[in-house]
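To start, the structure itself, in structure tokens.
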Amino acid sequence: MRRQSLLAALAATLQPLASAAPATVHLCGDSTMAHQSPSGKIQGWGEYLQYSLSPSAFRVNNAAVSGRSARSFTREGRFDAVAKAVRPGDWVVVEFGHNDGGSLSPGRDNGRTDCFGEGSQTCTTAYDGKTEIVQTFPTYLKAATAQFLAAGAKVVISSATPNNPWESGSFSWSGTDRFTYYSWLAASQAGGTARGVYYVPHGAYAAQAMKNMGRQAVNDNFPQDHTHTSPYLADVMSRAFVLGLRCGTSELGRTGVVNSTSSMTSTFLGNCIPAANASMPL
Ligand SMILES: *[C@@H]1O[C@H](CO)[C@@H](O)[C@H](O)[C@H]1NC(C)=O
Ligand SMILES: *[C@@H]1O[C@H](CO)[C@@H](O)[C@H](O)[C@H]1NC(C)=O
């Protein structure tokens, strides 16, 4: 009796501690998001996300890996590994596109190129000495999203960061590349906000911030090529993502972000960007 009540008291003490443990925001993506060696010139934006999230509510697990596409992240079991690590209440951010284009013609498959298209098309290829049935970008993202939802997470599908929009000398960003479209399509087809799947137009927010920064500041912060950012610009990319998240309706954006909307929109990050139409799951 005595021992039982002691145990009950102990359990009652531990219960709130356990439920107060921060949830995890898992990040799936490529080099533009991944941890890079601090001794190099570049850094990925995922390394900065934690600074805009309430530390008592969320911790970040940056599972992004350089050189990966939606296809190679799938084939290497990396979405599976994140789904296994997910606890109910966690979030997963999925952002790909930089490594997903290219050719699947014989001898040219690099293991990353997706099958062209937005639907359920498949392509057969030979990679690494094996026959591989390659899916489209939205198919890979929807399959990963279904795994995360089943594990109790909510999901943010985010469009890729732009390459340097000032590289021609004047600002140029169309916002119409197909992986941007595929990203919101996948979020919408995976169930949208009703199922806990949100889209962040990260590319558009990052382009807006870089337009406001101006040519010199942006050029100075692509130290290696037109894709990879300096630590400073990686932080800007992270903040652009956070603004996009906060301008949407997800609980992660509404309660997880420590910054007020005005503290972000009053800076060079710019304003909330309205949805292109009502079918965008923002
Ligand atoms: C939010 O505030 C924190 C703490 O001041 C800061 O480090 C972070 O960069 C801010 N994030 C944004 C998106 O402004
Ligand atoms: C919504 O906007 C997207 C992106 O601009 C477009 O591709 C899509 O066709 C639009 N959908 C509807 C129903 O208008």
Side-chain angles (χ1 to χ4, degrees), residues 25 27-53 60-69 93-101 112 156-177 179-180 183 200-248 253 257-273:
V25 181
L27 306 183
C28 301
D30 56 37
S31 56
T32 61
M33 186 195 244
H35 171 76
Q36 305 290 338
S37 163
S39 61
K41 290 183 186 162
I42 62 164
Q43 192 48 273
W45 71 264
E47 294 295 286
Y48 299 90
L49 180 59
Q50 63 197 62
Y51 301 115
S52 300
L53 298 178
V60 173
N61 166 31
N62 191 353
V65 180
S66 297
R68 300 311 189 273
S69 66
V93 179
V94 180
E95 182 179 300
F96 286 96
H98 285 289
N99 301 317
D100 290 80
R112 321 194 293 197
V156 174
I157 298 181
S158 178
S159 61
T161 54
N163 288 332
N164 182 355
W166 285 101
E167 68 179 334
S168 71
S170 59
F171 183 86
S172 158
W173 183 73
S174 75
T176 56
D177 81 278
F179 296 109
T180 294
S183 295
V200 169
H202 189 192
Y205 280 94
Q208 174 169 273
M210 289 192 283
K211 186 174 188 183
N212 292 339
M213 283 172 72
R215 177 165 64 102
Q216 189 69 51
V218 172
N219 283 338
D220 288 351
N221 284 287
F222 280 100
Q224 177 171 303
D225 54 37
H226 69 185
T227 303
H228 299 96
T229 54
S230 70
Y232 173 79
L233 193 55
D235 183 40
V236 170
M237 295 294 181
S238 169
R239 291 167 59 189
F241 172 83
V242 170
L243 176 60
L245 190 65
R246 187 69 190 83
C247 291
V257 173
V258 295
N259 317 79
S260 67
T261 307
S262 63
S263 75
M264 296 185 275
T265 57
S266 60
T267 69
F268 67 91
L269 293 176
N271 289 320
C272 289
I273 299 172

- Query: Any side-chain heavy atom of Ser66 sitting closer than 4.5 Å to one from Gln36?
  - Reply: yes

- Query: In Å and rounded to the nearest 0.5 Å, what is the CD to CE distance from Glu47 to Met237?
  - Reply: 15.0 Å

- Closest heavy-atom pair, Thr180 versus Gly175, reported as atoms and distance to 0.1 Å, is CG2-O, 4.0 Å

- Task: Starting at CD of Gln43, measure out to NE2 of His228 and round the result to the nearest 0.5 Å.
- Result: 11.0 Å

- Query: With a 4.5 Å heavy-atom cut-off, do Phe96 and Ser183 have their side chains touching?
  - Reply: no

- Query: Which atom pair, heavy atoms only, marks the closest approach of Lys41 to Pro223?
  - Reply: O-CG, 3.6 Å

- Query: Considering all heavy atoms of both residues, which atom of Ser37 and which atom of Ser39 are nearest to each other, and what is their separation?
  - Reply: OG-OG, 2.8 Å

- Minimal non-hydrogen separation, Ala217 against Met213, with atom names: CB-O, 3.8 Å

- Run the numbers on Thr227 and Thr32 for side-chain contact (heavy atoms from CB on, under 4.5 Å), then give the verdict. CA-CA 7 Å; Thr227 303; Thr32 61; 3.8 Å; yes

- Message: If we ignore hydrogens and angles and just use 3.5 Å, is the side chain of Asn221 paired with the main-chain N or O of Thr229 as donor and acceptor?
- Response: no

- Message: Walk me through whether Trp45 and His202 qualify under side-chain contact (heavy atoms from CB on, under 4.5 Å).
- Response: CA-CA 11 Å; Trp45 71 264; His202 189 192; 3.5 Å; yes

- Query: Val257 and Leu53: side-chain contact (heavy atoms from CB on, under 4.5 Å), yes or no, with the steps?
  - Reply: CA-CA 5 Å; Val257 173; Leu53 298 178; 4.2 Å; yes

- Query: Roughly how far, to the nearest 0.5 Å, is the OG1 atom of Thr161 from the CE atom of Met210?
  - Reply: 7.0 Å

- Task: Considering non-hydrogen atoms only, spot the tightest contact between Ser238 and Tyr48 and give its length.
- Result: OG-C, 3.5 Å

- Item | Sidechain-backbone polar pair: Tyr205 side chain, Ile273 backbone, donor-acceptor under 3.5 Å | yes

- Item | Interatomic distance, Glu95 atom CD to Phe179 atom CZ [nearest 0.5 angstrom] | 13.5 Å

- Separation of Leu269 CG from Arg246 CZ (nearest 0.5 Å): 14.0 Å

- Apply side-chain contact (heavy atoms from CB on, under 4.5 Å) to the pair His98 and Ser31, showing each step before the final yes or no. CA-CA 9 Å; His98 285 289; Ser31 56; over 6 Å; no

- Query: Side chain of Ser69, backbone of Arg112: donor and acceptor closer than 3.5 Å?
  - Reply: yes

- Query: Does some side-chain heavy atom of Phe268 sit less than 4.5 Å from a side-chain heavy atom of Val236?
  - Reply: yes

- Message: For Met33, is there any backbone N or O sitting under 3.5 Å from a side-chain donor or acceptor partner on Asn62?
- Response: yes

- So Gln208 and Asn212, side-chain hydrogen bond (donor to acceptor under 3.5 Å, both in side chains) or not? Walk me through it. CA-CA 6 Å; Gln208 174 169 273; Asn212 292 339; 5.9 Å; no

- Query: Can you find a heavy atom in the side chain of Phe241 that is under 4.5 Å from one in the side chain of Val93?
  - Reply: yes

- Which atoms form the tightest heavy-atom contact between Asn163 and Phe222, and what is the distance? C-CZ, 4.3 Å

- Item | From Met264 atom CE to Ser52 atom OG, the distance as rounded to the nearest 0.5 Å | 7.5 Å

